[in-house]
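First the proteins, then the strands, lettered A, B, ... as listed; each starts at 1. Only a predicted model underlies this, so the values are computations on that prediction, with no experimental measurement involved. The figures that follow rest on heavy atoms only: side chains count, while hydrogens, waters and symmetry mates do not.
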2 protein chains.
Amino acid sequence: MAAKPESAGTPELVDSLVQLSFAVQDVLARVSAAYDLSLTQLRLLGILRDRTPPMTAIAEHLGLDRSSVTGLVDRAERRGLVSRATSTQDARVTIVSATPRGLDVGRQVTATVTAEIETLVERVPARDRDGMVRAAMSVVGPRIGPGLATTGR
Amino acid sequence: MAAKPESAGTPELVDSLVQLSFAVQDVLARVSAAYDLSLTQLRLLGILRDRTPPMTAIAEHLGLDRSSVTGLVDRAERRGLVSRATSTQDARVTIVSATPRGLDVGRQVTATVTAEIETLVERVPARDRDGMVRAAMSVVGPRIGPGLATTGR
DNA sequence: TATTGTTATACTCTATAACTATA
DNA sequence: TATAGTTATAGAGTATAACAATA
């Protein structure tokens with residue numbers, strides 16, 4: 001499974017994609033940090049923007065163990081960003097939701113991130129932008145919900 | 001600083017880029033983990049592939065505090081991936097280099113990551129690939145060294 | 001018995017502040 | 001004094017294993 005020179009441009013593309021991903025993640029982490037959020041906290045708020053899922057669903061979304069989500073939600077709750085409630089249908093289940101403040105912070109970070117990445121994108125020649133959207137979407141699939149999807153799946 | 005509808009396609013592009021960055025980082029983290037490396041350890045090995053820098057230079061490359069690099073190198077050294085040496089020119093300076101095993105592990109992870117991302121890229125229509133390289137490079141600049149650049153700057 | 005969530009524990013990663021050694 | 005690196009300390013994030021409560 002070594003050489004497979006089907007498309008001469010592929011190595012450069014792989015390399016560009018890796019660098020690009022670091023540049024984007026840098027923006028996400030830096031802006032989050034400016035709001036005193038970790039990237040994981042931002043992702044949590046992103047999930048809770050339009051849902052009130054059980055702990056297990058959050059774990060699946062983020063690709064984390066359930067015990068990791070316990071700590072994550074603990075810290076967010078301590079900061080007044082999210083809250084817990086026991087499901088009325090199944091007393092084993094804990095429902096998590098964003099507080100008004102959590103929603104607000106999430107919106108602000110998302111707006112700032114979007115603005116910063118738009119600045120990066122201004123460097124892309126206009127004629128290449130449509131192709132880039134098509135290329136990116138052919139890798140990750142179409143958008144599902146509204147706003148920034150802080151997930152790879 | 002709100003609406004700025006200069007280019008209608010921009011929001012989708014921003015969103016695609018964020019998702020794409022998560023997909024790529026997922027690959028990097030997953031493959032690293034399969035080799036029992038954190039992403040930071042992989043980045044360290046990436047730096048040491050063709051250099052033997054002082055601790056401070058590593059901190060700058062990775063955007064970390066010097067004290068964080070101390071621990072990072074400690075753990076990598078304990079695992080036989082890197083080694084320390086005192087500079088002969090300036091006894092304050094500690095020079096870090098990858099061991100043969102560290103170089104080897106770095107190469108293996110890089111090769112696997114490249115293969116996996118190439119698989120992702122196969123989903124991109126061939127006619128869009130050149131444009132994607134151009135677009136990505138216009139954001140992050142041209143490649144500098146050989147191999148995967150596990151950095152955003 | 002199976003599932004949901006938490007706790008206990010341990011490790012990595014990170015930063016700030018204070019320190020040592022060298023320049 | 002200034003710089004390079006380490007240590008001490010603290011906190012976030014993560015996982016595994018064991019547990020309690022509920023189904």
Check whether [X] reaches the backbone of [Y] with its side chain - one donor and one acceptor, N or O, closer than 3.5 Å.
{"X": "A:Arg101", "Y": "A:Leu81", "answer": "no"}
{"X": "A:Arg129", "Y": "A:Val124", "answer": "yes"}
{"X": "A:Thr52", "Y": "A:Leu48", "answer": "no"}

If the cut-off is 4.0 Å, is [X] near the phosphate of [N], judged by side-chain N/O to OP1 or OP2?
{"X": "A:Thr40", "N": "D:dA12", "answer": "no"}
{"X": "B:Arg66", "N": "D:dT6", "answer": "no"}
{"X": "A:Arg84", "N": "C:dT6", "answer": "yes"}
{"X": "B:Ser68", "N": "C:dT14", "answer": "no"}

Calculate the interatomic distance between [X] atom [atom1] and [N] atom [atom2]; express it in whole Å.
{"X": "A:Arg79", "N": "D:dA12", "atom1": "CZ", "atom2": "C1'", "answer": "11 Å"}
{"X": "A:Leu64", "N": "C:dT6", "atom1": "CG", "atom2": "C1'", "answer": "16 Å"}
{"X": "A:Leu72", "N": "C:dG5", "atom1": "CG", "atom2": "P", "answer": "14 Å"}
{"X": "A:Leu62", "N": "D:dA15", "atom1": "CG", "atom2": "C1'", "answer": "15 Å"}
{"X": "A:Leu42", "N": "D:dA12", "atom1": "CG", "atom2": "P", "answer": "17 Å"}
{"X": "B:Asp65", "N": "D:dA4", "atom1": "CG", "atom2": "P", "answer": "13 Å"}
{"X": "A:Asp74", "N": "D:dG13", "atom1": "CG", "atom2": "C1'", "answer": "13 Å"}
{"X": "B:Arg75", "N": "D:dT6", "atom1": "CZ", "atom2": "C1'", "answer": "14 Å"}

When you measure from the side chain of [X], which nucleotide among [options] comes out closest?
{"X": "A:Gln41", "options": "D:dG5, C:dA2, D:dG13", "result": "D:dG13"}
{"X": "B:Thr94", "options": "C:dT16, D:dG13, D:dG5", "result": "D:dG5"}
{"X": "A:Ser67", "options": "C:dT12, D:dA17, D:dA21", "result": "D:dA17"}
{"X": "B:Arg92", "options": "D:dA2, C:dT16, D:dT22", "result": "D:dA2"}

Check against side-chain contact (heavy atoms from CB on, under 4.5 Å), A:Met137 and A:Met132: CA-CA 8 Å; A:Met137 291 204 317; A:Met132 197 180 195; over 6 Å; no
Look up atom CZ in A:Arg79 and atom CG in A:Asp74, then write down how far apart they are to the nearest 0.5 Å.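 Going from the CZ atom of A:Arg79 to the CG atom of A:Asp74 covers 13.5 Å.
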Does A:Arg78 or A:Thr88 map to a spot on DNA chain D nearer the 5' end, using the closest nucleotide for each?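 Between the two, 5'-proximity favours A:Arg78.
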What is the nucleic acid contact for B:Thr70, judged by heavy atoms within less than 4.0 Å: base, sugar-phosphate only, or nothing?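 Since a base atom lies under 4.0 Å of B:Thr70, the category is base.
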